[in-house]
There are 4 protein chains.
Amino acid sequence: MLRIGVIGYGYWGPNLVRNFMAAPGSSVVAVCDLQDERLSPLRKLYPSIKATKNPIELINDSTVDAVVIATPVSSHFELAMATLKAGKHVLVEKPLAANSADAAGLIEMAAKLKLVLMVDHTFVYTDAVRKMRKLIAKGDLGEIYYYDAVRVNLGLFQHDVNVIWDLAIHDLSIMDYVLPHRPVAISATGMSHVQGQPENVAYITLFFKEAEIAHVHVNWLTPVKVRHTLIGGSEKMILYDDLEPSEKLKVYDKGITVSPGPEDVYRMLVSYRSGDMYAPRLDNTEALQTEAIHFADCIEHGTRPETDGAAGLRMVKMIEAAEQSLRNRGALVELDL
Amino acid sequence: MLRIGVIGYGYWGPNLVRNFMAAPGSSVVAVCDLQDERLSPLRKLYPSIKATKNPIELINDSTVDAVVIATPVSSHFELAMATLKAGKHVLVEKPLAANSADAAGLIEMAAKLKLVLMVDHTFVYTDAVRKMRKLIAKGDLGEIYYYDAVRVNLGLFQHDVNVIWDLAIHDLSIMDYVLPHRPVAISATGMSHVQGQPENVAYITLFFKEAEIAHVHVNWLTPVKVRHTLIGGSEKMILYDDLEPSEKLKVYDKGITVSPGPEDVYRMLVSYRSGDMYAPRLDNTEALQTEAIHFADCIEHGTRPETDGAAGLRMVKMIEAAEQSLRNRGALVELDL
Amino acid sequence: MLRIGVIGYGYWGPNLVRNFMAAPGSSVVAVCDLQDERLSPLRKLYPSIKATKNPIELINDSTVDAVVIATPVSSHFELAMATLKAGKHVLVEKPLAANSADAAGLIEMAAKLKLVLMVDHTFVYTDAVRKMRKLIAKGDLGEIYYYDAVRVNLGLFQHDVNVIWDLAIHDLSIMDYVLPHRPVAISATGMSHVQGQPENVAYITLFFKEAEIAHVHVNWLTPVKVRHTLIGGSEKMILYDDLEPSEKLKVYDKGITVSPGPEDVYRMLVSYRSGDMYAPRLDNTEALQTEAIHFADCIEHGTRPETDGAAGLRMVKMIEAAEQSLRNRGALVELDL
Amino acid sequence: MLRIGVIGYGYWGPNLVRNFMAAPGSSVVAVCDLQDERLSPLRKLYPSIKATKNPIELINDSTVDAVVIATPVSSHFELAMATLKAGKHVLVEKPLAANSADAAGLIEMAAKLKLVLMVDHTFVYTDAVRKMRKLIAKGDLGEIYYYDAVRVNLGLFQHDVNVIWDLAIHDLSIMDYVLPHRPVAISATGMSHVQGQPENVAYITLFFKEAEIAHVHVNWLTPVKVRHTLIGGSEKMILYDDLEPSEKLKVYDKGITVSPGPEDVYRMLVSYRSGDMYAPRLDNTEALQTEAIHFADCIEHGTRPETDGAAGLRMVKMIEAAEQSLRNRGALVELDL
């Protein structure tokens with residue numbers, strides 16, 4: 001039984017505790033938060049869990065085998081590094097760190113100490129995303145044309161990071177997991193509508209060596225919630241709507257065949273292929289449950305997590321490039337992933 | 001009774017004929033198309049209408065008072081100019097012309113000859129768009145934060161113009177009509193997935209002097225059809241879904257108030273305003289019907305159309321800038337509208 | 001070229017004229033309506049069509065080969081009978097007649113004179129309904145459990161017939177076309193909310209000899225429009241939503257297997273089968289177009305229409321039984337179809 | 001702090017425990033289930049709670065102030081009666097009892113011992129339902145015309161009660177709470193598709209003294225989940241869709257005004273009123289949380305619960321009448337509520 005310590009009991013922490021409590025291979029033995037008032041509901045719900053305001057105490061607690069960090073981004077590096085140095089495995093809330101240098105540092109230390117370093121790219125552990133990866137991997141979509149993601153809602157404003165760090169990272173990590181190629185350049189635009197606060201709306205275009213284009217639209221300030229991803233291929237196309245209760249994934253046998261239309265000056269000879277649509281059955285297991293089990297499993301067998309430090313570093317690099325381009329109103333920034 | 005001649009009986013022509021036939025103040029007396037096979041259904045449906053393959057013959061036909069041009073973009077300028085020079089009013093399918101110089105030329109000629117020059121920016125004549133303009137004009141939305149439009153579907157590929165000329169112009173013309181300000185710069189990205197053909201996907205960001213940002217996403221190659229526009233303001237927000245049968249417009253009393261949160265390092269003090277939503281009743285009159293009546297009305301009273309040559313020119317300028325930016329993968333292009 | 005005369009140019013007439021004009025094998029030569037103001041738009045749109053206020057004149061017009069009747073139900077029998085006696089084929093708007101005796105009379109006369117008698121059960125000619133019939137016929141759904149239809153909206157009140165005659169007949173005719181069995185008894189309830197007017201809401205349950213049940217809910221007075229049909233089978237289930245622009249038909253590989261659960265007093269051992277869903281590609285041809293071609297085709301080859309007099313009579317019988325049950329607040333009425 | 005004991009830890013029990021643990025005024029001290037394997041997840045999640053297989057032990061536990069019963073219907077009466085006789089307050093999962101005599105017996109005993117007897121009609125404690133009651137109470141809808149509810153899905157089959165006891169009771173209790181009048185008669189139809197098992201589909205019509213009609217459609221065997229309620233009034237109409245994440249309630253300013261149309265034999269003079277729609281802001285507090293607080297509150301202040309024994313009895317009476325009518329294929333059954 002893996003004994004987990006969780007640092008940060010704000011918005012995401014309670015979900016982590018619930019899932020590591022429910023997961024067969026693990027249990028939560030200690031939780032830390034700087035604000036005591038946040039710990040009182042924990043004390044009522046789980047009288048058995050140690051509650052502390054001191055993260056170092058938790059990290060060094062001999063009854064803690066591994067630490068899960070769900071604190072503000074700025075503290076990820078310090079807390080994760082301390083955990084590793086204490087010889088313990090660590091699962092870090094996304095993003096892995098506030099900059100690529102810190103992310104690289106964590107990877108290096110985990111490798112050196114042979115400890116599991118995993119990043120909480122939650123959506124990678126949903127059945128919908130895993131199914132998309134499989135479909136693309138076995139070539140069902142043919143050549144990939146585009147990847148278009150929209151993640152907007154009236155969201156929780158954050159004062160330490162902008163909407164790219166908060167929301168776009170979800171789509172970038174899904175894209176990183178399902179697409180066969182990696183982007184080589186980025187152009188991003190965006191804006192802040194709250195004086196002196198980080199950007200609350202952003203548009204990111206990713207370019208590839210291949211005839212592929214990706215785009216991510218994130219916004220903290222929309223009246224409706226949208227979670228829409230379109231993936232277009234030469235053979236099939238996917239609509240992934242994470243808000244659909246059951247049919248989150250729809251695979252369309254749609255596309256075109258183009259040939260010059262001699263007799264028609266106005267429109268070329270395009271034959272549209274429009275076949276059946278199907279929605280594959282999906283397992284509804286909560287992603288965090290799958291992820292908690294995977295973390296315990298990697299620790300037990302010393303295997304590499306699907307969302308390892310390297311994946312975490314790629315996300316941070318993409319976000320750094322996107323921010324740089326955004327500051328220059330769309331100017332292209334090359335990527336080296 | 002205004003006697004109309006229609007040039008171009010391909011995809012859009014039949015709608016124009018039907019509406020100008022049905023409109024009280026007008027009737028269609030002649031139709032021209034270069035392809036005779038297109039004219040045979042017309043002959044069966046409307047045996048009374050003159051059908052010809054010669055546009056010049058139609059333009060000079062003494063029974064024709066005004067000409068509607070629904071031909072490929074490349075021929076707009078030549079046919080519209082010939083119509084004006086024949087001393088006749090003209091309604092041109094969007095875009096007004098293939099470049100801003102031609103568009104300016106038409107405006108000049110129409111002004112000189114005191115003839116009505118109107119562009120078919122169809123959506124401007126829908127009740128939904130007119131309602132949005134009213135709401136914004138009387139300040140219901142407060143300060144405008146963003147305008148975000150998505151117009152994607154498995155569309156008719158065109159070999160003479162790309163998806164920006166074909167689809168984005170709809171959103172740019174709606175934006176131009178409802179927003180209080182005009183963009184000052186553009187960054188656009190996009191791609192073609194059909195060898196040697198125009199771009200079939202594009203992303204356009206528009207910058208304003210004010211704290212406003214606009215974005216248009218158009219794509220000819222998606223498995224589902226989407227017509228979504230989000231307009232965010234400091235007081236209210238709008239969702240305009242043109243595919244909704246009845247409630248195309250939803251006005252949300254939603255927003256935020258931000259103040260620094262001392263006690264919370266993780267999240268600032270943001271109070272979310274979430275009130276009622278309402279969907280204003282809309283008149284379902286077909287836009288082309290309203291437009292046909294407006295065209296006849298402008299000719300009768302010598303008034304300026306809501307979608308006049310100047311509006312048509314602004315669209316062409318924006319599209320030219322967008323294409324220039326797209327060719328340079330998002331490089332900023334200044335606008336002078 | 002079949003020359004059609006259309007009687008009744010109210011709500012449905014214009015659609016009939018437009019489709020018989022467009023259909024390759026037919027053309028409309030004459031239209032009749034008692035109200036002259038209704039004929040003026042026709043005169044403007046189709047100057048070539050004879051417009052008259054006298055139905056008998058149209059029926060006896062030597063240039064008319066077949067007559068389409070789209071008048072109030074009360075006049076269907078008289079006009080259809082006059083048409084048959086004039087030796088002409090007839091297509092009657094649903095319902096075939098105001099009572100089963102009249103319907104039987106028309107069938108008899110058409111048989112005697114060897115003329116085509118067809119009823120306009122429009123939905124039978126949609127690709128969605130034809131596809132459902134095929135799926136059920138080849139056993140894909142397994143044993144049929146239920147057929148549930150909802151057809152509600154803020155509808156056109158009629159003062160001569162109630163909502164069953166107006167709306168339920170659509171669902172009864174679809175059901176009659178796709179189901180393998182025919183109902184043997186009916187229980188119906190409903191109510192009128194307009195003093196002295198026919199029922200505007202009704203609920204109809206249909207019983208079968210087999211373990212099958214059907215239900216139709218119709219309402220003229222709902223704020224939203226719903227066109228929902230659920231068909232449940234032991235192997236597969238169908239959701240048919242006629243308002244869906246493209247995926248009108250969804251076929252679900254869902255169901256249950258039941259076995260007594262020894263260890264569980266609270267819930268039995270039910271294994272739920274939940275596989276993929278798919279939406280078959282559908283042809284979007286307008287139903288009336290297919291129907292117009294079918295009518296001309298039946299006349300040319302002397303074949304029996306898919307919606308012949310017998311089908312029309314079954315609908316009238318079901319509706320008569322439903323009304324009788326409704327008057328007695330759900331009392332069972334046996335059916336003999 | 002009210003100390004709760006929960007009997008039954010199957011499907012619903014865990015939700016009850018979670019909510020009574022979280023509610024400020026109460027805490028769960030003991031949980032009982034006949035199946036030990038159900039208690040192990042409880043032991044892992046809440047090591048602090050006493051877990052037992054013996055309901056009598058829990059009822060008599062001196063640390064238990066009140067008991068919540070979430071067992072199969074057949075055991076409700078016996079366990080609730082035992083609880084009352086032990087001098088403790090009781091909250092019974094719906095339905096209150098397996099028949100009206102038992103329900104009446106519990107009411108009598110609770111009254112005699114001055115104990116709180118509450119039924120878990122969960123939906124009554126949702127903000128959407130409470131809002132509907134308010135709108136109707138202040139006359140916004142005008143005269144009520146109809147109440148139409150659909151509650152279908154691929155549901156958990158139960159072997160002890162049919163779909164009316166399991167699902168329709170939700171709609172009957174919502175209707176009972178929001179409508180000004182009570183039904184006077186019932187006609188119901190339905191069927192079982194699993195050999196020797198209770199009905200899995202049912203249609204219930206409820207008649208009123210007033211010009212009002214209600215209908216409930218429930219089904220355990222549909223491929224899609226639907227939670228739709230339409231309430232039509234002379235002034236306004238409501239669509240309540242419980243599956244909508246945010247806009248569960250839509251209020252339509254729609255209706256008709258009817259006057260005889262002299263000049264039109266085909267359709268009477270009906271003027272359709274179609275104004276704005278609005279969706280009132282709703283509080284998203286989990287219903288069980290509100291309910292748990294209400295239960296504790298009623299006990300503390302000795303007040304009568306909104307869903308008291310009398311409400312529970314009315315539900316049981318309606319369901320008994322519906323079953324009797326269903327057995328006779330829709331034959332009318334009078335109601336005395």
Side-chain angles (χ1 to χ4, degrees), chain A residues 8 10-11 34-35 71-72 145-146 148 150 152 154 156-160 185 187 189-191 193-194 197 201 203 205 207 211-213 215 217 219 221-224 230 232 234 237-239 250 252 254-256 258 260-261 263-268 270 272 274 277 325 328-332, chain B residues 8 10-11 34-35 71-72 145-146 148 150 152 154 156-160 185 187 189-191 193-194 197 201 203 205 207 211-213 215 217 219 221-224 230 232 234 237-239 250 252 254-256 258 260-261 263-268 270 272 274 277 325 328-332:
Chain A
Y11 166 70
L34 299 179
Q35 304 171 60
T71 58
Y145 286 162
Y146 61 83
D148 181 90
V150 178
V152 303
L154 192 57
L156 291 169
F157 267 70
Q158 300 187 20
H159 78 322
D160 54 344
S187 166
T189 58
M191 184 163 287
H193 291 104
V194 182
Q197 292 302 326
V201 52
Y203 299 97
T205 298
F207 297 94
E212 214 167 299
I213 190 168
H215 188 270
H217 168 208
N219 192 333
L221 208 57
T222 63
V224 288
L230 282 167
S234 56
M237 298 182 181
I238 290 177
L239 167 60
K250 291 179 177 170
Y252 294 84
K254 283 190 176 181
I256 54 159
V258 186
E263 40 68 273
D264 185 349
V265 301
Y266 186 34
R267 206 163 294 114
M268 49 189 320
V270 178
Y272 294 88
S274 182
M277 173 274 273
S325 175
N328 298 288
R329 301 204 293 178
L332 197 74
Chain B
Y11 166 70
L34 298 180
Q35 304 172 58
T71 58
Y145 286 162
Y146 60 82
D148 181 89
V150 178
V152 304
L154 193 57
L156 291 168
F157 266 71
Q158 300 186 18
H159 77 324
D160 54 345
S187 166
T189 57
M191 185 163 284
H193 291 104
V194 181
Q197 291 302 327
V201 52
Y203 299 96
T205 299
F207 297 94
E212 215 167 296
I213 189 168
H215 188 271
H217 168 209
N219 192 332
L221 209 56
T222 63
V224 288
L230 282 168
S234 56
M237 299 182 180
I238 290 176
L239 167 60
K250 290 179 177 168
Y252 294 85
K254 283 191 176 179
I256 54 158
V258 185
E263 39 67 87
D264 185 349
V265 301
Y266 185 33
R267 206 162 296 110
M268 49 190 320
V270 178
Y272 294 88
S274 183
M277 172 275 272
S325 175
N328 300 285
R329 301 204 292 179
L332 197 73

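Quick note on labels: first sequence line is chain A, next is B, and so on, each numbered from 1. Scope of the values below: all heavy atoms of this structure, side chains included, with no hydrogens, waters or symmetry mates.
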Q. Checking heavy atoms, do the side chain of L230(A), its backbone, both or neither come under 4.5 Å from chain B?
A.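 Just the side chain, heavy atoms under 4.5 Å.
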
Q. Picking from M191(B), M277(B), R329(B), K250(B), which has the most non-hydrogen pairs under 4.5 angstrom with chain A?
A.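 Heavy-atom pair counts peak at R329(B).
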
(Q) Tell me which of these, A211(B), P223(B), G190(B), S187(B), has more heavy-atom pairs under 4.5 Å with chain A than the rest. (A) P223(B)

**Q.** Pairs of heavy atoms under 4.5 Å with chain B: top-ranked of I238(A), V201(A), V224(A)
**A.** V224(A)

(Q) Out of K254(A), H193(A), E212(A), return the one with the most heavy atom pairs under 4.5 angstrom to chain B. (A)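 With the most close heavy-atom pairs to chain B, the winner is H193(A).
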
Q) Is it the backbone or the side chain of N219(B) that comes under 4.5 Å from a heavy atom of chain A, or both, or neither? A)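 For N219(B), side-chain heavy atoms alone lie under 4.5 Å from chain A.
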
Q.
Which residues pass the ring-ring contact (aromatic ring centres under 6.0 Å, His included) test with H215(B), not counting sequence neighbours?
A. Y203(A), H215(A)

Q) Does the side chain of V194(A) come within less than 4.5 Å of I256(B)'s, by heavy atoms? A)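 Yes; the side chains approach each other to less than 4.5 Å.
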
Q.
Checking the side chain of Y145(A) only, and the main-chain atoms of L221(B) only, is there a donor and an acceptor separated by less than 3.5 Å?
A.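 A pair under 3.5 Å: no.
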
(Q) Once side-chain hydrogen bond (donor to acceptor under 3.5 Å, both in side chains) is applied, do any residues pair with T205(B), and if so which ones, sequence neighbours excluded? (A) T189(A)

Q | Closest contact, heavy atoms only, M237(B) versus T222(A) | A |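 Shortest heavy-atom contact: SD-C, 4.0 Å.
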
